[in-house]
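Data block below; observations after.
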Amino acid sequence: AQSVTQPDIHITVSEGASLELRCNYSYGATPYLFWYVQSPGQGLQLLLKYFSGDTLVQGIKGFEAEFKRSQSSFNLRKPSVHWSDAAEYFCAVIYTGGFKTIFGAGTRLFVKA
Amino acid sequence: DGGITQSPKYLFRKEGQNVTLSCEQNLNHDAMYWYRQDPGQGLRLIYYSQIVNDFQKGDIAEGYSVSREKKESFPLTVTSAQKNPTAFYLCASSTLLGGGAADTQYFGPGTRLTVL
């Protein structure tokens with residue numbers, strides 16, 4: 001079955017340090033890939049998306065993600081984390097010809113001073 | 001401003017009661033979705049709708065019902081048949097259903113339902 005895996009349930013980083021959140025999707029047709037962020041008690045906000053073209057995608061709030069087809073990965077990065085980045089992050093995928101957005105289980109980010 | 005609204009933000013229900021969660025969008029999106037979110041489980045699809053007067057079951061439709069009488073509205077009813085309804089419910093919408101680039105989903109702020 002098609003799936004999305006976020007291997008890290010939670011991650012703690014120091015403010016100002018770099019961040020990488022991992023996302024792997026199961027092999028399938030060309031995927032459309034997304035990262036969303038959710039603050040506690042809120043809906044999901046789209047950070048960035050990849051459909052085609054340049055495999056390095058820039059998003060809002062200083063985030064970027066790189067699509068690596070050979071590794072079936074779409075990892076999210078930020079060079080310097082701010083305390084306001086503490087939230088839960090979801091990776092998601094839609095496969096070409098499908099309709100359903102498949103979400104990962106999420107990674108909760110904690111930021112320490 | 002365009003967006004998706006959900007009401008109420010918090011909802012309390014006694015066991016055995018049906019409750020209806022509201023979802024409205026003014027983005028002129030064709031497709032709408034309902035998800036349930038439980039701690040540590042990500043999002044699970046309850047129902048989705050491509051067009052007015054049509055909707056399909058998602059992965060966990062049992063104990064829920066929906067209607068789509070207007071393009072901008074997609075209310076979810078949590079019935080007494082839903083055995084464990086306490087959760088956070090998210091509504092989303094997108095422009096096109098079918099795996100195209102326009103299928104990016106945009107989310108409302110959510111409704112937290114608690115069964116007493």
Side-chain angles (χ1 to χ4, degrees), chain A residues 1-11 21 23-25 28-54 57 59-60 65 67 74 87-108, chain B residues 3-11 21 23 25 27 30-51 54-60 87-114:
Chain A
Q2 294 169 336
S3 63
V4 176
T5 302
Q6 294 182 244
D8 303 304
I9 296 173
H10 54 79
I11 283 182
L21 302 181
C23 173
N24 293 96
Y25 62 93
T30 302
Y32 299 110
L33 296 155
F34 308 82
W35 275 100
Y36 289 88
V37 61
Q38 183 182 35
S39 297
Q42 302 296 318
L44 275 66
Q45 180 183 20
L46 181 68
L47 281 176
L48 48 79
K49 56 189 176 184
Y50 171 79
F51 292 152
S52 65
D54 192 346
V57 180
I60 62 171
F67 171 56
F74 188 57
E88 188 149 25
Y89 292 80
F90 291 93
C91 181
V93 61
I94 301 175
Y95 290 96
T96 305
F99 68 89
K100 190 174 168 182
T101 302
I102 302 169
F103 288 88
T107 297
R108 181 165 295 279
Chain B
I4 302 174
T5 58
Q6 292 186 243
S7 61
K9 187 170 178 63
Y10 299 97
L11 186 57
L21 283 59
C23 177
Q25 54 98 1
L27 301 168
D30 295 305
M32 297 187 74
Y33 314 79
W34 274 105
Y35 292 91
R36 170 179 171 140
Q37 186 177 28
D38 296 282
Q41 293 196 40
L43 277 68
R44 292 185 289 169
L45 183 64
I46 305 172
Y47 269 98
Y48 64 96
S49 169
Q50 295 176 259
I51 194 171
D54 182 67
F55 47 83
Q56 305 295 329
K57 292 181 179 180
D59 299 320
I60 57 164
F88 190 55
Y89 291 87
L90 287 161
C91 179
S93 68
S94 67
T95 55
L96 180 69
L97 194 64
D103 277 3
T104 303
Q105 293 188 17
Y106 295 90
F107 285 81
T111 292
R112 184 166 298 281
L113 172 64
T114 303

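Lettering of chains follows the sequences in order, A, B, ..., and the numbering in each one begins at 1.
Residue A:Leu46 touches chain B through its side chain alone, counting heavy-atom pairs closer than 4.5 Å. For A:Gln45, no part lies under 4.5 angstrom from a heavy atom of chain B. Only the side chain of B:Asp59 comes within contact range of chain A, with at least one heavy atom under 4.5 Å from a heavy atom of that chain.
Taken to the nearest 0.5 Å, the OH atom of B:Tyr35 stands 4.5 Å off from the OG1 atom of A:Thr101. Taking CZ of A:Phe103 as the reference point, atom CD of B:Gln37 lies at 9.5 Å (rounded to 0.5 Å).
At most 12 non-hydrogen atoms from other residues, nucleotides or ligands lie less than 6.0 angstrom from CD1 of B:Ile51. At most 12 non-hydrogen atoms from other residues, nucleotides or ligands lie less than 6.0 angstrom from CD1 of A:Ile9.
Here the closest heavy-atom approach between residue A:Phe34 and residue B:Thr104 is recorded as CE2-OG1, 3.4 Å. The two residues B:Leu90 and A:Gln42 make their nearest non-hydrogen contact at CD2-O, 4.4 Å. Nearest heavy atom pair, residue B:Gln105 against residue A:Tyr36, reads O-OH, 2.7 Å.
Considering only heavy-atom pairs separated by less than 4.5 Å from chain A, the leading option among B:Gly58, B:Cys91, B:Gly42 is B:Gly42.
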